[in-house]
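Working notes for the structure below.
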Amino acid sequence: MSKSDRQDGPSRRQFLALGGAASGLAAMGLSAGWAENRPSVDAATVAGSEHETDVLVIGGGMAGLFAAVKAHDAGARVLLVSKGRLGASGQTPFAKGFFAYDAARESLSIDDFVARVSRSALGTNNESYTRQLAEHSLDRARELKAWGFFDQVLANRPFLKPITARDIPLMERVMITHLIKQEGRIAGAAGFRLDSAETVLFRARAVVLCTGAGGFKPNGFPVCDLTHDGSIMAYRIGAKITGKEWNDGHFTRADNPAACFDNWGDMFERIPGTTGIEVHHDLGVESNYVAYETGNPLPGGPPGSVGGRKTSGGPVTPQEFQRRAGGPGGPGEGGPGSGSRRDGPPPPPDDGRKPAGGAPDFAMNASQMGGASAGMSIHKSEGLVPMDARCNSTIPGLLAAGDALGSHMAGGIYTQIGSSLAGSAVQGAIAGEEAAGYAARSEQARITPARRDGILAEILAPLKREAGYGPAWVTQTLQGVMIPNFVLYIKKESLMRAALAYVEELRDHHAPMLRAADMHELRLAFETRNMILSAEMKLRASLKRTESRCSHYRTDHPETDDANWRAWINILQGADGQMVLEKQPFGSWPDQS
Amino acid sequence: MTIKSIHGCIGCGECVQSCPCDVIRLDPSSGKAVIAYPEDCQICHLCRLYCPVDAIEMSPEKTLPVITPWG
Ligand SMILES: Cc1cc2nc3c(=O)[nH]c(=O)nc-3n(C[C@H](O)[C@H](O)[C@H](O)COP(=O)(O)OP(=O)(O)OC[C@H]3O[C@@H](n4cnc5c(N)ncnc54)[C@H](O)[C@@H]3O)c2cc1C
Ligand code: SF4
Ligand code: SF4
C-alpha cells in the first residue's frame with residue numbers, strides 16, 4: 001500500500017467511487033459534508049420565550065407591512081415577526097417599480113386590463129386576484145407615499161413609520177420554523193432567535209404568512225435569505241401548495257454571476273416610483289432555451305451574446321405580445337437589462353409622473369442568460385393555494401399574502417410591470433383585515449404541552465447532534481443537481497426523474513442528519529431542509545404538467561395542451577406522508593372537502 | 001470575496017440588522033462589525049448602503065465557486 005492510500009482523508013480511489021455532482025463539489029474542498037459537530041451554543045441551556053397575540057404576521061416585506069398595519073386598524077392585537085429586518089430582507093428592498101392603476105390616467109378599463117393580462121398569461125392567472133390588484137393598488141401607493149416610501153432608497157425607515165405610530169410589537173431576526181395547528185385550525189408558530197440562544201413560541205388566533213418566495217440560494221438574484229419557508233411549514237400542517245412548475249427567468253451575467261448589485265446597475269440605489277399599465281409576456285425561459293440549443297454565454301462576451309441568437313421551436317410567446325427584435329425587451333433580451341423592466345423600475349416618465357430610476361443598464365456590458373433566480377417561480381404564482389379572494393388558505397385561521405400566496409395574480413409568466421410589489425401591498429392589506437376578522441370571532445386554539453415540547457425538541461435537534469451533514473454542503477449538492485439548465489429550465493422526463501432520485505435521497509438521508517454549531521447554522525439547517533422539499537415539489541409538478549405553457553417548457557411535451565391542462569397543479573401531503581398532486585381547473589377555487 | 005472588509009466602523013449595528021443573510025455580527029469584545037459568515041454573502045450591498053460612515057468595502061466575487069445554469 002502506498003503512503004498516500006493510508007492517509008486519514010478519503011483516498012483518490014474512494015473519491016472516484018463516489019460519483020455524481022455531490023462528490024465533484026466535495027472534491028473541490030468547499031465545506032465539510034459529514035463531520036463532527038462542535039457547537040458553540042449549548043443546546044441544553046437554550047432559553048425559551050412565549051408570546052401571545054390575536055394576529056401573528058410572519059415576514060417583514062411589503063406584504064407583512066400592510067398585513068400588520070391593516071390587522072391593527074381592524075382592531076386586532078398584532079405581532080410582526082421576521083427573519084430579517086423590516087424592509088431590509090426578502091425581495092422588497094430591491095424592487096423600485098410599484099404598479100398603481102389610476103383610472104384618471106389610464107385609457108384601459110380594469111376589465112380590459114384583466115382581459116389583457118389573461119391573454120398574455122394563457123389563462124394561468126386567477127382573474128379575481130388580477131382585478132383586485134388593479135382596484136386597490138392606487139390606495140396602497142398613496143399610503144406608501146404618506147410614509148415616505150417614494151422619497152428614499154432604503155425601505156426600513158418609511159416602513160417603521162406606521163408600525164411605530166401604532167405601537168405594533170416588532171421582533172426581527174427571528175427564524176420561524178414551525179406553524180402549529182391544533183383542533184383543525186391554526187394555533188401559532190415557533191422558531192428561534194438569531195442573536196441569542198433562545199427558542200420562541202407564539203400563540204395566535206390567526207397567522208398571516210408574508211414569508212415571500214424562495215430559491216436554491218442561487219447566484220445572481222438577491223433571494224438567498226428566502227427558501228420558501230412559509231410554503232413548506234404550511235405544507236407540513238396540511239395546506240395546499242401551488243405553482244411549483246413555473247420558472248422565474250431573471251438574468252445574470254457570465255462575469256461574476258453572483259454579484260447581484262453589480263448586475264442590476266445602480267438600481268438598488270434608486271428611489272422607488274409608480275408604473276402604469278404595460279402588459280408583457282416575458283422573463284420565462286426563452287433565453288435558457290436559446291442557450292440550451294446554441295451554447296452558453298461567455299465571460300466578457302458581447303452584449304446579449306445568448307439572447308441575440310435565433311432558434312426555431314422553444315417556448316411560445318402569444319402573437320399579441322411578441323416584440324420586434326431589437327425593440328425594448330425583445331425576445332431573449334429580457335432580464336436585468338431591459339428585461340428587468342417587466343418587473344423592474346419604470347421607464348423614464350413620459351406622463352408627468354415622478355421619475356423612478358429607469359431601467360438598469362447592466363445588459364449593456366456583458367453576456368448573460370436566465371437562471372439567476374434558480375428555484376423560484378414567477379412572483380405570486382407559487383405558494384399557498386388560496387381558498388377565496390380574501391387570502392384564506394385551506395387551513396382555518398391561516399392566511400398568506402404576497403409572494404407567499406400562490407394567488408396566480410400575474411399568471412405563470414410576467415405580465416404587468418411593477419405588479420409584484422404592488423400585489424404584495426394589496427394582498428397584505430386584505431389578508432390583515434381578514435385575519436383580524438377571523439381572530440375576533442375565534443378562540444385561541446390550545447397548544448398542548450406535548451406538542452410544544454415536541455416542536456422545541458425538533459428545533460434544537462441539529463444543535464444536539466454529535467455529528468452530521470453540514471447544511472452548506474447539502475445545499476451545494478442540491479444546487480449541483482437542481483440548477484443546471486437541463487433540469488428545471490429546459491425540462492424532460494428522464495432528467496427530472498434522475499434529479500428526483502437525488503432529491504429524495506437528500507430528503508430521507510441528509511435532511512434528518514443536518515448539524516448546526518450555532519444559531520446561524522441552525523437557520524441554514526432549516527433553510528436547507530425547506531429547499532429540499534421545494535425541489536421535490538418543483539420536480540413533481542413539472543413532471544405532472546405534460547405540456548408547455550408560459551414559463552414551463554418541456555422538450556418532450558413542447559406544445560400547449562388546452563384539452564388537458566387548463567388547470568393549476570396543487571400539492572398536499574398525503575396520509576402516508578408522500579406528496580399528492582391534484583389539478584384545479586383555471587378559474588375555479590379548490591374543493592373544500 | 002463578496003463583502004470584503006470593514007474599516008472605520010463606529011459599531012452602530014445597522015449593517016448587522018440590515019444583512020438579509022446574517023453575514024455580519026458585532027464583535028462582543030471590540031463592539032465593531034465583523035464579517036462572520038462571508039460564504040453566505042449574496043453581494044446585495046444592503047450593508048454598505050445602510051452604513052452611516054461608509055465603512056464597508058465590497059467585491060463582486062464570491063468566496064465559493066459559483067453554480068449557474070450554464071456552469
Ligand atoms: C432584484 C429585484 C428587483 C425587483 N424589482 C421589482 C420591481 O421593480 N417591481 C415589482 O413589482 N417587483 C419587483 N421585484 C419583486 C418584488 O420585490 C417582490 O414580489 C415583493 O417585494 C415581495 O414582497 P413580499 O412582502 O411578498 O415578500 P418579501 O419582500 O420577499 O418578504 C419576505 C419576508 O419574510 C421574511 N421571512 C422569510 N422566511 C421567514 C421565516 N422562516 N421566518 C420569519 N420570517 C421570514 C423575510 O425576512 C422577509 O422579511 C423585484 C425583486 C427583486 C429580487
Ligand atoms: S452584501 Fe448583502 S448579503 Fe453580503 S454582507 Fe452585505 S448585506 Fe449581507
Ligand atoms: S453599519 Fe458601518 S458603522 Fe455601523 S456597525 Fe456596520 S460597519 Fe460599523
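Naming convention: chains lettered A, B, ... in sequence-line order (proteins, then strands); numbering from 1 in each chain. Keep in mind the model is a prediction, meaning the values are calculated, not measured. Excluded from the calculations below are hydrogen atoms, water molecules and symmetry mates; all remaining heavy atoms, backbone and side chain alike, are included.
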### Message
Quick check on the structure: residues of residues 11-18 of chain B within a heavy-atom distance below 4.5 Å of chain A, by number.
### Response
B:Glu14, B:Val16, B:Gln17, B:Ser18
Anything under 3.5 Å between a donor and an acceptor, one on a side chain of residues 213-222 of chain A, the other on a protein residue two or more places apart or in another chain? List them.
from, atom 1, to, atom 2, distance (Å)
A:Lys217, NZ, A:Cys224, O, 2.9
A:Lys217, NZ, A:Glu527, OE1, 2.6
A:Asn219, ND2, B:Ile67, O, 3.0

### Contact leader toward chain B among A:Val153, A:Asn485, A:Leu154, where contacts are heavy-atom pairs under 4.5 Å
A:Leu154
### Message
Taking side chain as everything from C-beta outward and backbone as N, CA, C, O, which of these in B:Leu49 sits under 4.5 Å from a heavy atom of chain A? Side chain, backbone, both or neither.
### Response
both
### Message
Quick check: closest heavy atoms across A:Met369 and B:Pro69, and the distance to 0.1 Å?
### Response
CE-CB, 4.3 Å
### Query
Heavy atoms, side chains only, cut-off 4.5 Å: are B:Asp22 and A:Arg173 in contact?
yes
### Query
Roughly how far apart are B:Cys21 SG and A:Leu226 CG, rounded to 0.5 Å?
8.5 Å
### Query
Can A:Phe268 and B:Leu46 be said to form a side chain to side chain contact (heavy atoms under 4.5 Å, CB included), step by step?
CA-CA 9 Å; A:Phe268 296 179; B:Leu46 281 186; over 6 Å; no
### Query
Any idea which heavy atoms bring A:Ala259 and B:Pro60 closest together, and the distance?
CB-O, 3.4 Å
### Query
B:Asp40 and A:Leu524: side chain to side chain contact (heavy atoms under 4.5 Å, CB included), yes or no, with the steps?
CA-CA 10 Å; B:Asp40 293 321; A:Leu524 296 182; 3.7 Å; yes
### Query
Checking heavy atoms, do the side chain of A:Tyr489, its backbone, both or neither come under 4.5 Å from chain B?
side chain
### Leading residue by heavy atom contact count with chain B [cutoff under 4.5 Å; candidates A:Gly371, A:Ala374, A:Ser89, A:Gly87]
A:Gly371
### Atom group of A:Val223 that falls short of 4.5 Å from chain B, counting heavy atoms
backbone
### Task
Name all residues meeting the salt bridge (Lys or Arg N to Asp or Glu O under 4.0 Å) criterion together with A:Glu521; count only those two or more places apart in sequence or in a different chain, and write none if there are none.
none
### Task
Go through the atoms of A:Ala258 and report whether side chain, backbone, both or neither lie under 4.5 Å from a heavy atom of chain B.
both
#### Entry: Contact leader toward chain B among A:Ser82, A:Gly90, A:Cys260, where contacts are heavy-atom pairs under 4.5 Å
A:Cys260
### Query
Does any pair with a residue in residues 41-71 of chain B pass ring-ring contact (aromatic ring centres under 6.0 Å, His included), and if so which ones, sequence neighbours excluded?
A:Phe261-B:His45
### Query
Given the options A:Asn256, A:Asn156, A:Leu86, which has more heavy-atom pairs under 4.5 Å with chain B than any of the others?
A:Asn256
